[in-house]
There are 2 protein chains.
Amino acid sequence: MTDPGFACCTPLSGASMSTEQAEQVAPLLKALADPVRLRLVSLIASSQTGEACVCDLNDAFDLTQATISHHLKVLHSAGVLDRDKRGVWVYYAVKPEALSAVANLFTPAALAGATA
Amino acid sequence: MTDPGFACCTPLSGASMSTEQAEQVAPLLKALADPVRLRLVSLIASSQTGEACVCDLNDAFDLTQATISHHLKVLHSAGVLDRDKRGVWVYYAVKPEALSAVANLFTPAALAGATA
DNA sequence: CAGACACATCGACGGGCGTCGATGTCTGCT
DNA sequence: AGCAGACATCGACGCCCGTCGATGTGTCTG
């Protein structure tokens, strides 16, 4: 009966990511897991003023304005971008905290089970 | 006619992520953008030996063995996990390079347009 | 050889996602 | 007031993804 005491694996050390934490971080990663949104974030972050308006971002893609607006909304809802309407134009800026949170997630120490 | 020379935005600095790079990294993020897969990676990384067998990972979830196997395949195909079959059991191990690649992606310097 | 076990693969189903055209809302100009 | 431009929102469509039960493949034991 395949003796269970003679198991296949060393028991996991147990200090891993909790289900709650995983379900909390996954949406953030899902928001970033798209080529268009990745480029959007990169474009905004690499702009001189640290922000960019939709009209210019729209020109950088072969996509409809509606699609770009949708992607920006997703990134904004995920907490990756800040939204600031000035007059007719809307400026989006990157929230560094969100990105550094992701970066810290995949640090060796964090993976070993360190509490973020 | 809203003079275009009097544009809305400072032109993007241009040193942003390329389309190719975005399309190359997105699948890696997409593989990690799932609560189950996130916990799988964390479980494996936090195990004492740095690797874990499917039978044990399976017990940590309320999901079918087929589903866990599917997730492990996705992570393996994305280059996040290494696969090593020893006898009847299969051991998965985390590839640190893949995770540090993600971590470096969201470093302030990288976002500013530095070539990875 | 036959059986049991570990894991992968195969359809299949439901839901979510990316994209679009069309339309709505707000702002500024004349 | 009327119009034009910037951006958001609204269905709608096709496709991919997560999950499942069932089945296949390889490995060890008796």
Side-chain angles (χ1 to χ4, degrees), chain A residues 1-9 19 22-23 26-41 44 51-78 81-93, chain B residues 1-9 19 22-23 26-41 44 51-78 81-93:
Chain A
M1 60 162 79
T2 62
D3 183 5
F6 172 67
C8 50
C9 31
T19 305
E23 288 176 348
L28 176 58
L29 286 178
K30 196 164 287 189
L32 292 166
D34 182 280
V36 175
R37 291 197 285 265
L38 225 42
R39 282 192 64 206
L40 279 171
V41 172
I44 297 173
E51 56 185 9
C53 77
V54 183
C55 67
D56 202 0
L57 295 171
N58 205 352
D59 293 349
F61 299 86
D62 285 337
L63 297 172
T64 306
Q65 175 262 332
T67 300
I68 298 296
S69 187
H70 164 68
H71 284 308
L72 290 171
K73 183 198 182 109
V74 171
L75 288 170
H76 176 60
S77 300
L81 296 183
D82 260 335
R83 189 175 176 278
D84 181 29
K85 176 164 187 173
R86 289 203 290 271
V88 189
W89 299 297
V90 174
Y91 291 79
Y92 283 94
Chain B
M1 58 162 78
T2 62
D3 183 5
F6 172 66
C8 50
C9 29
T19 305
E23 288 175 349
L28 176 59
L29 286 177
K30 197 165 287 190
L32 292 167
D34 182 279
V36 175
R37 290 197 285 265
L38 225 41
R39 282 192 62 207
L40 278 172
V41 172
I44 297 173
E51 57 185 9
C53 77
V54 182
C55 67
D56 202 359
L57 295 171
N58 206 354
D59 293 348
F61 299 87
D62 285 338
L63 296 172
T64 306
Q65 175 263 330
T67 300
I68 299 296
S69 187
H70 163 68
H71 284 307
L72 289 171
K73 184 200 181 107
V74 171
L75 288 169
H76 176 61
S77 300
L81 295 183
D82 260 336
R83 189 176 178 276
D84 181 28
K85 176 164 187 173
R86 289 204 287 271
V88 189
W89 298 298
V90 175
Y91 292 80
Y92 283 93

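Owing to the predicted nature of the structure, the values given are computational and were not obtained by experimental measurement. Letters A, B, ... mirror the listed sequences (proteins, then strands); counts begin at 1.
- Close to D/dA8, at under 4.0 Å from its OP1 or OP2, lies a side-chain N or O of A/R83.
- The nucleotide whose nearest atom lies closest to any side-chain atom of A/K73 is, among C/dC7, D/dT9, C/dT9, D/dT9.
- The minimum heavy-atom distance between A/A26 and B/L38, with the atom names listed, is N-CD2, 4.1 Å.
- If you take CG of B/N58 and P of C/dC5, they are 15 Å apart, rounded to a whole angstrom.
- Put simply, the side chain of A/Q65 and the base of D/dA6 share no donor and acceptor less than 3.5 Å apart.
- Minimum heavy-atom separation, B/L28 to B/A78: CD1-O, 3.8 Å.
- Between B/D56 atom CG and C/dA6 atom P the separation is 12 Å, expressed in whole Å.
- Nucleotide D/dC17 holds its P atom 13 Å from the CG atom of B/L75, rounded to whole Å.
- Rounding to whole angstrom units, CH2 of residue B/W89 and C1' of C/dA8 are separated by 18 Å.
- Atom NE2 of B/H76 and atom P of C/dA8 are 10 Å apart (whole Å).
- In this structure, A/Y92 reaches the sugar-phosphate backbone alone: every heavy-atom distance under 4.0 Å involves primed, P, OP1 or OP2 atoms, never a base.
- Partner of A/H71 under the side chain to side chain contact (heavy atoms under 4.5 Å, CB included) criterion, out of A/V36, A/V41, A/L81: A/V36 alone.
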Given protein heavy atoms under 4.0 Å, the one-letter contact record of nucleotides 24-30 of chain D, with B base, S sugar-phosphate only and - none, is simply --SSS--

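- Under the side-chain contact (heavy atoms from CB on, under 4.5 Å) criterion, B/V74 pairs with B/A31, B/R37, B/H70, not counting sequence neighbours.
- Protein atom CG of A/L72 is 11 Å distant from nucleotide atom C1' of D/dA8, rounded to whole Å.
- Partners of A/D84 by salt bridge (Lys or Arg N to Asp or Glu O under 4.0 Å), not counting sequence neighbours, listed by chain and number: A/R86.
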Quick test: give all pairs of protein nitrogen or oxygen and nucleotides 14-19 of chain C nitrogen or oxygen below 3.5 Å, distance rounded to 0.1 Å.
from   : atom 1 : to    : atom 2 : distance (Å)
C/dG18 : OP1    : A/R37 : NH1    : 3.2
C/dG18 : OP1    : A/R37 : NH2    : 2.5
C/dG18 : OP2    : A/R37 : NH1    : 3.3
C/dT19 : OP2    : A/H71 : NE2    : 2.3

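- When rounded to the nearest whole Å, the span between CG of A/L57 and P of D/dA8 equals 10 Å.
- Minimum heavy-atom separation, B/L32 to A/L29: O-CD1, 3.6 Å.
- For A/T64, the side-chain contact (heavy atoms from CB on, under 4.5 Å) partners are A/A66, A/T67, not counting sequence neighbours.
- Under the side chain to side chain donor-acceptor pair (under 3.5 Å) criterion, B/T19 pairs with A/R39, sequence neighbours left out.
- When all heavy atoms of A/A33 and B/A33 are compared, the closest pair comes out as CB-CB, 4.2 Å.
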